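Computed from a prediction, not measured in an experiment: that's the story for all the values here. Computation of the quantities below employed the complete heavy-atom set of this structure, encompassing side-chain atoms and omitting hydrogens, waters and symmetry-equivalent molecules. Every chain is numbered from 1 and lettered A, B, ... according to where its sequence line falls, protein lines coming before strand lines.
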Amino acid sequence: MKKIKAIRGMRDIIYPESSKWDIITSRAQDILRLAGFRSIYLPAAEYTSLFSRTIGEDTDIVKKEMYSFKDKKGRDLTLRPEGTAGAVRAMIENRLLEGRVREKVMYTGAMFRYEKPQSGRYRQFYQLGCEIFGSSSVYADAEITCLAAEILDAVLVRDYVFRVNSIGCEECRKNYVKELRKFLSSRLSRLCEDCVRRFDTNILRVLDCKNSSCRKEQDEIPPMSQFLCVECTDFFARFLDITESGNINIVKDARLVRGLDYYTGVVFEVECGGDIILAGGRYDNLVSELGGGSVPACGWALGLDRVSEKSRITVDGIPLFYIALIDGGEEKEARKIAGALRSEGIPVEVDFEKAPAGKKFKMADRRGVSAVGIIGGKEIETSSVSVKNMRTGNQESFGLEDIEGIIKYIKC
RNA sequence: GUGGGUGUAGCUCAGUGGCAGAGCACCUGGUUGUGGCCCAGGUGGCCGCCGGUUCAAAUCCGGUCAUCCACCCCA
């Protein structure tokens with residue numbers, strides 16, 4: 001029979017990697033919870049139009065990377081390629097953004113993009129994100145930035161750098177786009193094919209084109225910072241001021257425009273060893289674009305797959321206490337000790353299988369346990385349990401009730 | 001979407017036209033109530049798949065699929 005394998009670009013996260021993910025997720029969630037964020041759980045699929053409208057028709061994500069399909073009623077659905085659009089839709093739909101509100105939410109889950117898999121890139125990948133709704137204060141941008149850094153530190157990611165830019169509000173962008181069009185119209189012949197198209201559809205993206213000929217032109221392009229309005233200039237300056245006074249490694253990058261169209265104002269991404277592991281920014285128009293009134297917002301998402309790869313967290317095998325039954329019929333005693341040890345926080349596994357003692361020890365050894373409790377005929381007679389410390393190889397006998405003694409022995 | 005590398009035992013790989021291999025892992029025994037170390041033995045393969053060339057193909061040719069890497073893009 002042909003073996004069925006996981007589909008291309010999708011993988012199983014198994015231990016010890018999965019244990020590492022548990023730790024990273026819970027540390028990140030703890031930090032966000034302490035900052036007032038609450039969890040929401042969102043659908044993995046949405047109507048396709050939610051993404052095409054918010055992310056942008058001319059983005060790679062929408063044009064060629066979406067897992068889109070028709071359901072049995074012919075509805076156009078898409079497995080979410082990112083989390084923000086769905087989060088905003090949910091906030092509006094559940095009427096959480098009405099009136100003067102301040103909502104802080106976090107989410108985690110699988111995202112899907114039909115890309116060619118390579119290192120650090122999967123078709124199903126996991127994000128953990130947070131969003132602040134209802135604040136137009138620069139302190140909101142600064143806070144999520146600092147929280148991102150705090151989380152990366154907490155999960156032992158080293159040598160990362162925040163790249164930040166401001167792509168301005170609608171007004172400044174309108175002016176800038178006009179200037180850009182004027183400037184580039186005479187140079188179209190020197191741009192790549194994609195950028196010629198972008199000239200009409202999404203001219204800002206010419207700024208971060210990686211094509212070498214476009215690169216040359218980019219240096220000549222007047223930077224966006226010259227066209228930001230007074231408010232946006234001031235906002236960005238204050239953002240830099242606040243974040244730079246923290247201990248964050250942060251650099252300005254005038255070319256940073258992000259691959260999703262809904263951003264306004266401050267945008268940032270975190271690079272670590274050449275990979276983008278976290279990204280986000282402000283999106284003051286997204287809520288209203290989805291019919292939710294004028295609610296400013298900002299947020300970010302980190303890629304769990306990539307963060308885990310950079311994280312230096314190491315996971316030890318769980319130090320188990322392994323109870324081996326030798327002659328059979330000692331199940332009652334074994335379960336009693338197991339229960340008592342577990343309530344003291346010691347993970348205990350009881351091996352009820354019938355097998356020679358040598359096998360049991362071999363099993364225990366493979367599971368990486370720190371101690372084995374042996375209960376057989378001899379122990380039953382004396383109401384005791386023999387405990388072998390697998391690290392030292394020593395063995396000692398304890399009374400069945402002597403939980404404290406057992407714990408002390410296996411811990412030394 | 002574009003370009004490149006690699007597919008042989010569970011894993012890492014050797015084998016470049018002539019009997020399918022090694023190390024590690026696994027199983028059994030040495031040790032029937034004691035793991036690791038050691039020793040002896042053993043299981044395990046449509047050589048990714050389909051076709052072609054040949055007396056003969058893991059080996060050469062064509063295709064295909066998978067996988068890894070890079071680009072584009074992105075978390």
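With a 3.5 Å ceiling on both atom-pair distances, C46(B) lacks any Watson-Crick or G-U wobble partner. Using N1 to N3 plus N6-O4 or O6-N4 for Watson-Crick, or N1-O2 and O6-N3 for G-U wobble, each under 3.5 Å, U67(B) pairs with G5(B). Using N1 to N3 plus N6-O4 or O6-N4 for Watson-Crick, or N1-O2 and O6-N3 for G-U wobble, each under 3.5 Å, G41(B) pairs with C27(B). Figure legend. C74(B) is base-paired to no nucleotide; pairs are counted as Watson-Crick or G-U wobble with both atom distances under 3.5 Å. Of all nucleotides present, only C13(B) satisfies the Watson-Crick or G-U wobble test against G21(B), with each distance under 3.5 Å.
With Leu302(A) as reference, Val307(A) is the one residue of Thr108(A), Val270(A), Val157(A), Val307(A) to meet the side chain to side chain contact (heavy atoms under 4.5 Å, CB included) rule. Just one residue in the list Arg306(A), Arg121(A), Lys310(A) forms a salt bridge (charged side-chain N to carboxylate O under 4.0 Å, His left out) with Asp275(A), and that residue is Lys310(A).
For the C1' atoms, the distance from C49(B) to A70(B) is 27 Å, rounded to whole Å. Distance noted for atom C1' between G15(B) and C68(B): 23 Å (whole Å). Atom name P, nucleotides U8(B) and C46(B): the rounded distance is 12 Å, in whole Å. The same atom, C1', is picked in A9(B) and in U54(B); the two are 29 Å apart, to the nearest Å. As rounded to the nearest Å, C26(B) and U43(B) have C1' atoms that lie 8 Å from one another. When the P atom is used for both G29(B) and G51(B), the distance is 45 Å, rounded to whole Å. For the P atom pair drawn from U59(B) and G4(B), the interatomic distance equals 22 Å after rounding to whole Å. U28(B) and G21(B) have their C1' atoms separated by 23 Å, given to the nearest Å.
Because its NZ or CZ atom is both nearer than 6.0 Å to the ring centre of Tyr114(A) and within 45° of the ring axis, Arg123(A) counts as a cation-pi partner of that residue. Taking the centre and axis of the six-membered ring of Tyr122(A), the NZ or CZ atom of Arg11(A) falls inside the cone set by 45° and 6.0 Å.
Looking at Asp351(A), its side chain does come within 3.5 Å of a backbone N or O of Glu353(A) through a donor-acceptor pair.
Cys232(A) and Cys172(A) make their closest contact through SG-SG, 3.4 Å (heavy atoms, listed as atom of the first residue, atom of the second, distance).
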Where along nucleotides 29-49 of chain B does protein come under 4.0 Å, by heavy atom, of base (B) or sugar-phosphate alone (S), with - for untouched nucleotides?
----BBBB-------------

Could you run down nucleotides 69-75 of chain B 5' to 3' and tag each one B, S or - for protein heavy-atom contact under 4.0 Å?
SBBBBBB

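Remark: the Thr54(A) side chain and the Glu289(A) side chain contain no N/O donor-acceptor pair separated by less than 3.5 Å. Judged by distance alone, the side chains of Glu396(A) and Ser386(A) never bring a donor and an acceptor atom under 3.5 Å apart. Tyr160(A) and Asp153(A) are linked by a side-chain donor-acceptor pair at a separation below 3.5 angstrom, with hydrogens and angles left out of the test.
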Which is it for Glu143(A) and Lys104(A) under the salt bridge (Lys or Arg N to Asp or Glu O under 4.0 Å) test, yes or no, and what are the steps along the way?
CA-CA 12 Å; Glu143(A) 182 174 59; Lys104(A) 302 167 94 172; 3.2 Å; yes

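Anti is the glycosidic conformation of U43(B), whose angle departs from 0 by more than 90°.
If you measure from atom CE of Met10(A) to atom C1' of U67(B), you get 16 Å, rounded to the nearest angstrom.
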